[in-house]
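Values below: every heavy atom of this structure, side chains too, minus hydrogens, waters and symmetry copies.
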Amino acid sequence: MTITTARPTSAATTVLFKAACPHCRGRFELASDAFRLAIGASRRTTFYSFTCPDCGRAARRPAGERIVELLTGGGVRTLRLHTR
């Protein structure tokens, strides 16, 4: 799955992200509330996830700095992971 763009809808503050499923290769737009972003201490522990609307499978992908910026700016719910 990749996020290619984000844009506000004409109605309100909802943001849509274009994504592709790594399992079924479906392409679609999802609202920000369909994504979850986890920010960890490293690149390995920073990722985003969603459930594919076409095949119903969960997808989890690494999130680099630009993806984190787009998702947080678009209102995606974020979980910060802390290490002890």
- Query: Does the pair Phe17 and Val76 meet the rule for a side-chain contact (heavy atoms from CB on, under 4.5 Å), with working shown?
  - Reply: CA-CA 10 Å; Phe17 294 92; Val76 170; 3.9 Å; yes
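Atom-to-atom distance recorded for Arg36:CZ and Arg60:CZ is 14.5 Å, nearest 0.5 angstrom. Summarising the geometry, atom CZ belonging to Arg57 is positioned 8.5 Å from atom SG belonging to Cys24; distances are rounded to the nearest 0.5 Å. Note that the CD atom of Glu65 and the CD1 atom of Ile39 stand 10.5 Å from one another [nearest 0.5 Å]. Rounded to the nearest 0.5 Å, atoms CG (Leu16) and CG (Leu30) are 8.5 Å apart.
When all heavy atoms of Gly56 and Thr51 are compared, the pair lying nearest together is O-CG2, 3.5 Å. The shortest non-hydrogen separation linking Thr72 to Glu69 is OG1-O, 3.3 Å. Of all non-hydrogen atoms in Gly74 and Ser32, the two that sit nearest each other are O-CB, 3.2 Å. Arg27 and Asp54 get closest at one heavy-atom pair: N-OD2, 4.3 Å.
Side-chain atoms of Arg44 do not come within 3.5 Å of backbone N or O of Ala41 as any donor-acceptor pair. For Thr46 (side chain) and Gly40 (main-chain N/O), a donor-acceptor pair under 3.5 Å exists by modelled atom type. Judged purely by atom type and a 3.5 angstrom limit, His23 has no side-chain atom pairing as donor or acceptor with the backbone of Cys52.
For the side chain to side chain contact (heavy atoms under 4.5 Å, CB included) test with Leu37, the passing option among Val68, Leu79, Ile67, Leu70 is Val68; the others fail.
Taking the six-membered ring where the residue is Trp, Phe35 and Tyr48 present tilted rings, their angle falling between 30° and 60°.
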